Amino acid sequence: MTHQVKFTKMHGTGNDYIYVNTMLYPLANPEELAVKWSAPHTGIGSDGLVLIGPSDIADFSMHIYNADGSEAMMCGNASRCIGKYVYEKGLTKKKTITLETLSGIKELQLTVKRKKVTLVTVDMGAPTIGEIALELEAGGKQYIGTIISMGNPHLVIFVENIAKVNLSEIGPLLEHHPLFPHRTNIEFAQVITEEEIRMKVWERGSGITQACGTGACATAVAAIVNGKSGRLTNIIMDGGILSIRWDNESNHVYMTGEAIKVFDGTISL
């Protein structure tokens, strides 16, 4: 028997996912569907599948499956899109929403104009700072990176000229480097000013993407601990700009950016 599932395609700074309200459309095999639906030519096309569900400890829950079917712990861009989704779909009237993720509960602050969510600020929590100057070799070249966790692992590498980085070649080598048995996300970053950083990302399980919210946060934190920027930074990615603030008192990282609905659709199981 064929079942019809309604979905919404959304993106945050170009980081695009398929969103399904599992309170209406429960999915038994999200890992397989993420691979099938994310395919750019034979499926819907996306960086992965995001499931919105109920929660006993927050307003809603979020589960993310990358384009390769692996489950992600956290995604800042997806979190912002969920804030827009649940408000504009009438699932809540709150402008402050709590979201249960595999990385803990995240708080979303919605900016609403004319009943539409224009910006979402996510409290991404406190970063975990690992080795600041990790030396490693990949593809016959030496790199120095900073290890940051935003609930998921990141390796941030600062370069003089980001245009010279062959991300499609070096990204998978670093993601699967022996130093990272569980793989890691890779960010290459070029400091433009103390308030602006250009970043490109290779996401664990998805490859090159237009943007990564946790990656933008990790890059901002890495820039601060390396003395390259202040506590408020605009991270410029292929898909757009995110404003990242690392609060000195709370130690929490706050990410602000747009969430864009692309279209609604229906697909058969």
Side-chain angles (χ1 to χ4, degrees), residues 12 15 17 29-36 38 46-51 61-79 99-106 122 124-158 165-189 199-223 225-226 235 237 244 251-253 255:
N15 198 190
Y17 287 97
N29 55 337
E31 299 90 346
E32 297 174 19
L33 294 175
V35 174
K36 181 179 180 181
S38 296
S46 72
D47 292 329
L49 171 65
V50 177
L51 307 184
S61 66
M62 172 176 74
H63 286 275
I64 311 160
Y65 296 89
N66 295 315
D68 69 351
S70 61
E71 188 168 8
M73 296 178 69
M74 176 57 188
C75 175
N77 288 320
S79 300
L99 186 63
E100 180 186 355
T101 77
L102 293 182
S103 294
I105 296 176
K106 307 300 179 184
V122 184
M124 300 291 287
T128 300
I129 301 167
E131 193 166 343
I132 294 176
L134 175 68
E135 297 183 9
L136 69 166
E137 184 273 335
K141 295 183 179 180
Q142 300 294 320
Y143 296 92
I144 298 177
T146 300
I147 302 293
I148 303 289
S149 173
M150 292 301 309
N152 57 354
H154 294 268
L155 174 69
V156 182
I157 299 172
F158 291 97
V165 175
N166 188 343
L167 191 56
S168 61
E169 179 181 306
I170 192 60
L173 297 179
L174 291 171
E175 177 191 357
H176 295 274
H177 196 281
L179 289 174
F180 310 114
H182 301 292
R183 301 185 294 163
T184 190
N185 299 285
I186 309 298
E187 285 81 32
F188 282 91
M199 186 197 94
K200 288 183 176 289
V201 59
W202 177 276
E203 288 199 57
R204 179 177 64 170
S206 293
I208 296 174
T209 59
Q210 293 290 297
C212 175
T214 56
C217 293
T219 297
V221 170
V225 298
N226 282 283
I235 305 296
M237 297 167 286
I244 311 297
N251 197 38
H252 283 206
V253 177
M255 176 189 64

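Index from 1, following the sequence. It should be emphasised that the depicted structure is a prediction, and the values quoted were computed from it without experimental measurement. The figures here come from the full heavy-atom set of this structure, side chains too, leaving out hydrogens, waters and symmetry mates.
Remark: Tyr17 OH to Ser38 OG distance equals 9.0 Å, nearest 0.5 Å. Distance check: Asp47 CG to Asn15 CG gives 5.0 Å after rounding to the nearest 0.5 Å. Ile235 contributes atom CD1, which lies 7.0 Å from atom CE of Met199 (distance to the nearest 0.5 angstrom). The CE atom of Met124 sits 8.5 Å away from the OG1 atom of Thr101 when rounded to the nearest 0.5 Å. Atom CD1 of residue Ile64 and atom OG of residue Ser79 lie 6.0 Å apart, to the nearest 0.5 angstrom.
Shortest non-hydrogen contact noted between Leu102 and Ala72 is CD1-O, 3.7 Å. Here the closest non-hydrogen pair linking Ala218 and Met150 is N-CG, 4.0 Å. In terms of heavy atoms, Val50 sits closest to Ala78 at CG2-CB, 4.1 Å. Ala189 and Thr219 make their closest contact through CB-CG2, 3.7 Å (heavy atoms, listed as atom of the first residue, atom of the second, distance). Counting all heavy atoms, side chain and backbone alike, Gly69 lies closest to Ala34 at CA-CB, 4.5 Å. Pro153 and Asn185 make their closest contact through O-ND2, 2.8 Å (heavy atoms, listed as atom of the first residue, atom of the second, distance).
Here the side chain of Ser103 pairs a donor or acceptor atom with the backbone of Gly151 at under 3.5 angstrom. With hydrogens and angles disregarded, a donor-acceptor distance shorter than 3.5 Å links the side chain of Asp68 to the backbone of Ser70.
Looking at heavy atoms from C-beta onward, Trp202 lies out of side-chain contact with Leu174 at the 4.5 angstrom threshold. Contact annotation: the side chain of Arg183 approaches that of His176 to within less than 4.5 Å [non-hydrogen atoms, C-beta and beyond].
Checked against side-chain hydrogen bond (donor to acceptor under 3.5 Å, both in side chains), Thr214 has the following partners two or more places apart in sequence or in another chain: Asn152, His154. For Ile129, the side chain to side chain contact (heavy atoms under 4.5 Å, CB included) criterion is met by Ile132, Ile148, Val221, Val225, Trp246, not counting sequence neighbours. Contacts of His63 classified as side-chain hydrogen bond (donor to acceptor under 3.5 Å, both in side chains), with partners at least two apart in sequence or in another chain: Glu71. Residues forming a side-chain hydrogen bond (donor to acceptor under 3.5 Å, both in side chains) with Gln210 (at least two apart in sequence, or on another chain): none.
Residues in residues 131-147 take part in these side-chain hydrogen bond (donor to acceptor under 3.5 Å, both in side chains) pairs, two or more places apart or across chains: Thr146-Asn226. Among residues at least two apart or in separate chains, salt bridge (charged side-chain N to carboxylate O under 4.0 Å, His left out) pairs with a member in residues 199-221 are Lys200-Asp238.
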Legend entry - Stepwise side chain to side chain contact (heavy atoms under 4.5 Å, CB included) test for Phe180 and Leu136: CA-CA 11 Å; Phe180 310 114; Leu136 69 166; 4.1 Å; yes
Inset, instruction - May I have the step-by-step check of side chain to side chain contact (heavy atoms under 4.5 Å, CB included) for Met74 and Lys106, ending in yes or no? - result: CA-CA 10 Å; Met74 176 57 188; Lys106 307 300 179 184; 3.7 Å; yes
Legend entry - Evaluation steps, side chain to side chain contact (heavy atoms under 4.5 Å, CB included), between Leu99 and Ser61: CA-CA 5 Å; Leu99 186 63; Ser61 66; 5.7 Å; no
Inset, instruction - Report the C-alpha separation of Tyr65 and Val35 in whole Å, then their side-chain angles, then the decisive distance to 0.1 Å, and conclude whether the side chain to side chain contact (heavy atoms under 4.5 Å, CB included) test is met. - result: CA-CA 9 Å; Tyr65 296 89; Val35 174; over 6 Å; no
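Side-chain atoms of Asn166 and Ser168 include a donor-acceptor pair closer than 3.5 Å.
If you run side-chain contact (heavy atoms from CB on, under 4.5 Å) between Leu134 and each of Leu179, Ile144, Ile157, only Leu179 comes through.
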